[in-house]
Structures are given as structure tokens and as C-alpha cells.
Amino acid sequence: MRTHYCGHLRAEHIGETVTLFGWVDRRRDHGGVIFLDLRDRSGIVQIVSDPVRTPDSYGLAEQLRNEYVVKIVGRVSQRPSESLNAKLPTGQVEIYADQIELLNAVRKQMPFQVSTGEQEPVREELRLRYRYLDLRRERMSQNLRLRHQVNQAIRRFLEDQEGFIEVETPILTRSTPEGARDYLVPSRVNPSEWYALPQSPQLFKQLLMVSGVDRYYQIARCFRDEDLRADRQPEFTQLDMEMSFMNQAEILALNEKLICYILKTVKGVEVPQPFPRLTYAEALDRYGSDKPDTRYGLELVDVSDLVADSGFKVFSGAVKSGGLVKVLPVPDGNATVSNVRIKPGGDLFKIAAEAGARGLAYIRVREGDIDTIGAIKDNLSDAQKQQILERTGAREGHLLLFCADAADTVNATLDRLRQAIAQEMNLIPADQINLLWVTEFPMFEWNAEEKRLEALHHPFTAPYPEDKDDLKTARAQAYDLVYNGYEVGGGSLRIYQPDLQQQVFEAIGLSEAEASDKFGFLLEAFEYGTPPHGGIAYGLDRLVMLLAGEDSIRDAIAFPKTQQARCLLTNAPSGVDIHQLKELQVASTYQPKPKES
RNA sequence: GGGCCUGUAGUUCAAUUGGUUAGAGCACCGCCCUGUCACGGCGGAAGUUGCGGGUUCGAAUCCCGUCAGGCCCGCCA
């Protein structure tokens with residue numbers, strides 16, 4: 001049968017007779033000689049057929065078309081010196097096709113061409129409908145391969161170097177409060193009861209620590225029934241890890257080694273360790289975000305104290321009511337950003353408004369003077385202006401964009417503006433990889449809608465010991481790994497004392513009865529000798545997306561869903577037979593909206 | 001639930017901004033071509049302009065609705 005993969009053939013094989021299988025990538029028929037590019041998963045090699053050298057195959061070679069599946073038996077030959085192809089790894093050789101066997105033809109018009117991949121983009125809708133063809137194309141087959149290499153690197157490092165063992169945890173599990181919406185599965189054997197698909201293996205991996213596994217990992221499928229984004233799918237894959245008897249510094253160091261091993265193995269890139277660390281507070285202060293992209297500057301500057309008692313009410317009012325006044329200094333921003341764009345109706349104003357800001361103020365630094373609206377000019381003293389210029393490092397040509405509002409709003413607004421402006425001004429070095437840890441997250445944040453505290457990370461996250469006495473304001477021993485502005489991983493040290501866990505449940509408004517109902521098994525497990533432990537989970541799809549240089553997580557997944565959570569290939573989800581529902585004792589209550597006439 | 005963008009031949013795009021027969025590359029079919037590699041040449045077939053309605057003498061183009069895909073907000077411990 002097959003003796004070689006197409007892409008592996010080199011000058012050293014010249015003279016050998018080989019048997020190849022693959023797809024016809026392209027056919028070039030010169031009337032007297034036919035060239036075929038034969039493609040398999042390893043690459044492409046050129047096949048030659050003509051009536052003189054390969055009389056037995058020429059007739060069939062004329063019949064072949066793109067994407068036909070063929071078997072080729074032929075002689076590996078040196079290409080004529082004027083016909084070498086430097087673009088192909090196999091470009092020194094070609095195969096004289098002594099035999100061609102047509103294994104399968106293409107019977108329908110191709111919905112799109114496989115071999116033009118890079119030159120001609122195809123509508124994603126079509127790519128997803130005919131995903132098996134899309135995956136034949138260079139770009140997607142590379143992405144599949146890259147993903148495999150990442151998985152492989154993870155296993156080599158964690159298993160061979162660090163002694164982790166992979167344990168599989170249930171897909172049919174129980175629904176838990178908090179967190180995302182669950183996917184539910186009815187139990188036929190237990191009518192009216194439901195399994196939930198796991199949002200993550202969180203509870204099981206902690207139980208495995210109680211079990212003495214010590215170092216656990218899993219490449220785990222997770223499910224969250226929430227709306228989709230370019231970087232969010234309803235089912236996704238985590239690299240999930242948990243380890244016992246390690247402190248935060250040790251866990252971060254081990255994970256840095258893991259990430260560096262992956263980068264080195266799949267990209268050949270060396271990243272210096274340790275990775276930079278930013279506390280949550282510092283990240284918000286300097287970037288307005290807990291996942292800052294640090295590949296470019298444009299850091300925010302807090303000027304609240306400088307304008308707290310200025311006559312400009314927008315500024316002083318924001319500070320008085322507990323908010324902030326922060327500046328996004330944009331070098332050369334005067335030339336790039338016109339006033340029209342900052343004012344109502346402008347694109348930057350729109351971005352700010354979407355983030356909740358009511359408006360943007362500005363100061364333009366001109367030669368020896370500043371240019372701004374009258375209300376600021378008249379209400380800031382020369383000293384205040386001078387201090388602002390000094391603190392923001394403003395020079396001639398700088399545009400200072402001000403946002404004054406509640407802290408959340410200011411940070412969200414300037415974060416988005418910072419990203420938009422960096423992109424517009426081409427400040428983002430696309431090839432750079434910036435990794436950093438964000439640490440010292442708060443334990444909780446206030447959910448205004450439900451009027452209660454919510455766990456920022458999850459309710460099993462341990463507070464810093466010194467903060468334990470006031471849990472509501474405590475910092476968590478939690479950490480996120482940020483990769484070019486994307487959160488690619490996050491984890492924490494866990495609570496392993498039942499009483500402290502109970503206090504955290506109380507803080508988020510989970511009564512003892514509820515906690516015992518939902519998590520009783522975990523609390524009980526903690527009564528039997530639980531090691532201190534902690535862990536982390538990475539969004540594997542997101543990591544692969546970034547390593548592949550893609551903008552969408554879908555390009556890192558073989559068979560992804562559309563934004564409407566549909567699979568265009570299989571047409572899932574779909575209706576089911578009424579008998580299936582009867583067996584499950586389940587009925588849909590869905591009522592289509594009546595059409596208005 | 002909301003905002004924005006897209007939908008024209010199998011496909012990727014165009015159509016002088018409301019005008020007469022909706023064009024081009026690739027793919028497909030036929031003929032020609034012995035060194036191409038995005039081969040080349042000649043010819044051909046291929047369109048309910050997503051779908052439905054409206055405005056208009058006239059709609060791919062304007063309006064309304066609807067479907068599908070995308071980006072975002074909300075949501076995602």
C-alpha cells in the first residue's frame with residue numbers, strides 16, 4: 001500500500017518507486033504532458049504523466065479533476081533544472097506516474113475550491129456547512145495540527161516532566177447554582193430529574209485532591225449555555241489542572257514553565273520568565289482592564305486628586321460622588337483624532353457612550369499652549385493644568401482624553417478607547433507575545449441587579465489569610481494569565497476548611513441549607529482530611545486561536561457552532577421524535593410568537 | 001432582549017449610486033497546447049440579485065418585514 005506521504009519526498013528518494021494516495025489539488029494539462037499536484041495531510045508533490053514516459057497513466061490523467069482521490073504508483077525523479085520549484089518542500093522532485101488508479105471522483109460541483117485557500121476567502125457560512133472541505137484547506141489543516149501539537153506538548157510536559165496524571169470527570173453531573181446557565185439533560189431512569197453538563201470540572205478536581213491524586217490534569221470539555229462571541233463557544237475545551245501542597249508562587253512558576261514549553265515546542269518562541277505580574281488594582285488603574293494588552297503603551301493616568309475641587313463640575317462632581325477622573329494620553333493624537341470624533345455623533349464618542357460614559361473631555365497640547373473647551377480652560381488654574389500635563393507626560397501634539405464618572409464606567413470607557421486608538425494608530429506589534437499574571441482579585445463584586453455579593457472568580461477561591469476577617473473586602477488568592485489582552489487562563493488557591501467555605505457561601509447569600517443541598521458532598525469531603533490545594537484552567541481553544549494568529553475561536557475548533565449556537569454541518573440542534581420525549585417524560589412548552597398582521 | 005454590518009452565477013467579487021440584455025476571475029463543459037506549478041489560448045453553459053411585500057414608468061440599488069451569517073452590548077462565577 002502507501003509507501004510515503006506526498007510532502008515527505010525529497011531528492012534522497014530519487015530512483016525509488018513509491019505508492020502515494022491523496023487528493024488532486026490541481027491539474028495542469030498541457031496537451032502533451034499533464035501535471036498533477038497530489039495532496040495528502042503532509043503536503044503536495046508534483047505528479048507527471050505524458051504519453052511517452054508514462055503511457056499507461058496518461059489516459060486516466062486526462063480524466064482527473066480537482067479533489068479526485070487517487071492512488072499513484074510512480075518513480076521519484078529529479079526535476080529538470082529549469083523546473084525546480086522553490087516554493088514547495090518537495091520542489092526538487094516529481095513523480096512519473098506509471099499507474100494511476102481513480103479511487104473516487106467528485107460527483108457534485110465543489111461548493112468552493114480547496115486549493116485556492118489563501119488567495120480567496122470563502123463565506124464562513126459555507127465553510128461551516130461543508131466543514132470537511134474547509135478542513136482540507138491549508139489554513140484549517142494547519143490549525144488542527146497546531147492544536148494537536150499544543151495538546152501533545154501539554155501532555156509531554158505535565159506527564160513526563162511534572163508527574164501529573166489525567167483523570168476523566170463526569171459529563172453528566174449535577175446542576176450547581178452560581179455561574180453560567182447550565183445545559184440540562186433529562187434522566188429517563190429518574191423522571192423529572194436532570195443532569196447538567198459541566199461548566200468546568202471544578203468540584204471533581206477538588207475532590208480528587210481530597211482523594212490524594214496530588215497532581216491532576218484533564219483536557220476537559222466544558223459547557224455553558226450563554227450567548228456566543230468570536231472568542232466564546234457553548235462547548236469549549238479547558239486544560240484543567242489542580243495540585244496539592246503548593247503555594248501560589250509555586251503554582252505560577254510551574255505554569256510559566258508549562259506555557260513556555262508550549263510556546264517553545266509549537267512556535268519555537270522563547271519567552272522570559274518570570275512573567276510580569278500586575279495586581280488587579282494596578283491593572284485597572286493603569287489600563288482600565290483586568291486583562292490588559294501590554295504590547296503597547298497608552299497607559300491611563302488618574303488625575304482625580306488634581307481636579308477634585310476644580311470649578312469644572314463634570315470633574316469635581318465625579319470625584320465628589322466617589323468616582324474618578326482619568327486621562328488617556330494619546331501621543332500625536334492631535335493629528336489623528338479630530339474634535340468631531342470626540343463629540344456626540346463621533347465614533348469615539350459612540351464607543352465611550354456604549355461603555356456608559358456621558359461624554360469625553362479633551363485637552364490638546366499645542367506649541368506652548370493648550371487647546372480645550374472653554375469650561376475647562378476657565379475652571380482649571382494654571383497650576384492644575386501644569387500638573388495634569390506633567391503627570392500625563394504630555395508633550396506637543398498630545399491629545400488628552402478625559403473621562404469623569406463612576407470608576408467602573410471610566411475604566412471601561414478608557415479601556416475601549418485605548419484599544420480602538422491603538423488599533424487605528426497601528427501601535428500593536430502583531431507578532432509580539434505579551435504574557436502577564438493578574439493577581440489579588442477581590443473575592444467578591446456587587447451585583448446591583450440581585451443586590452448581593454457575587455464571587456468574582458468562584459466561591460471556592462481562598463482569601464488571603466490576612467484578609468480573612470473581613471471577607472466582603474478581602475482579596476482572593478486568584479490569578480489570571482493574560483495573553484495579548486485575552487484571558488487565557490485563571491485559577492486560585494482553594495478553600496479547604498469547611499467553616500471558611502461556609503462563611504464564603506454566606507457572604508454570597510447562599511444559606512446553609514442551600515449550600516448543603518448543592519455542595520454538601522464537597523463540604524462533607526472536606527471533613528475527612530483535605531490537603532491545601534489550588535489550580536488553574538486554560539481556555540485551550542482561545543490559546544490555540546492566539547497561537548494560530550486567528551481572530552475567532554471557531555478557527556481553532558474542528559466543528560464549531562454559529563453565533564446562533566447551530567451546527568451548519570449537522571443542523572443541530574433539531575427536533576426529536578415524540579417517542580423520545582415521551583420516554584423522558586419531557587414536553588416542550590414553547591409557543592411560537594403569534595404573527596402580527 | 002438590543003445596536004451595527006453582510007447576503008448578486010458553484011465560488012470570490014463588480015454593476016457609473018434608480019435606467020434599457022446584471023458583468024469579470026476561478027470552478028464546471030468542449031476544443032487546442034510536451035515543462036507547468038495561481039500554466040496558457042479559443043469557445044460554451046451557468047442568475048427567482050436570500051425570501052416576501054411596498055414605492056416607482058422602471059428596483060440588485062430606495063422603504064417595510066422576514067431568514068441566514070458576522071461583530072458588539074446585555075449575558076458569560
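Numbers restart at 1 for each chain; the letters A, B, ... are given by sequence-line order, proteins then strands.
Residues from residues 75-85 of chain A placing a heavy atom under 4.0 Å of any atom in RNA chain B, listed by number, are A/R79, A/P80, A/S83, A/L84, A/N85. Applying a 4.0 Å cut-off to non-hydrogen atoms, the residues of residues 221-234 of chain A that approach RNA chain B are A/R224, A/E226, A/D227, A/R229, A/A230, A/R232, listed by residue number. RNA chain B lies under 4.0 Å from at least one heavy atom of each of the following residues of residues 21-32 of chain A: A/R26, A/R28, A/D29, A/H30, A/G31, A/G32.
Regarding the sugar-base torsion, B/rU61 falls in the anti class, its angle being beyond 90° of 0.
Nucleotide B/rC75 has no partner under the Watson-Crick or G-U criteria, as no pair reaches both atom distances under 3.5 Å. In this structure, B/rU49 forms no base pair with any nucleotide, since neither Watson-Crick nor G-U wobble geometry is met with both distances under 3.5 Å.
In terms of phosphate contacts, A/R137 brings no side-chain nitrogen or oxygen within less than 4.0 Å of OP1 or OP2 of B/rU11. Distances shorter than 4.0 Å separate none of the side-chain N or O atoms of A/Q199 from OP1 or OP2 on B/rC76.
A/K87 comes within 4.0 angstrom of the backbone, heavy atoms only, and of no base. Residue contacts shown for A/I508 are absent, as no nucleic acid heavy atom lies under 4.0 Å away.
For the pairing with A/V76, the side chain to side chain contact (heavy atoms under 4.5 Å, CB included) check across A/H4, A/R10, A/H13 returns one residue only, A/H13.
Whole-Å rounding puts the A/N66 CG to B/rA27 C1' distance at 8 Å. Remark: P of B/rC29 and CD of A/E62 are 13 Å apart, rounded to the nearest angstrom.
With centroids closer than 5.5 Å and planes inclined by less than 30 degrees as the test, A/F112 and the base of B/rU11 fail to qualify as a stacked pair.
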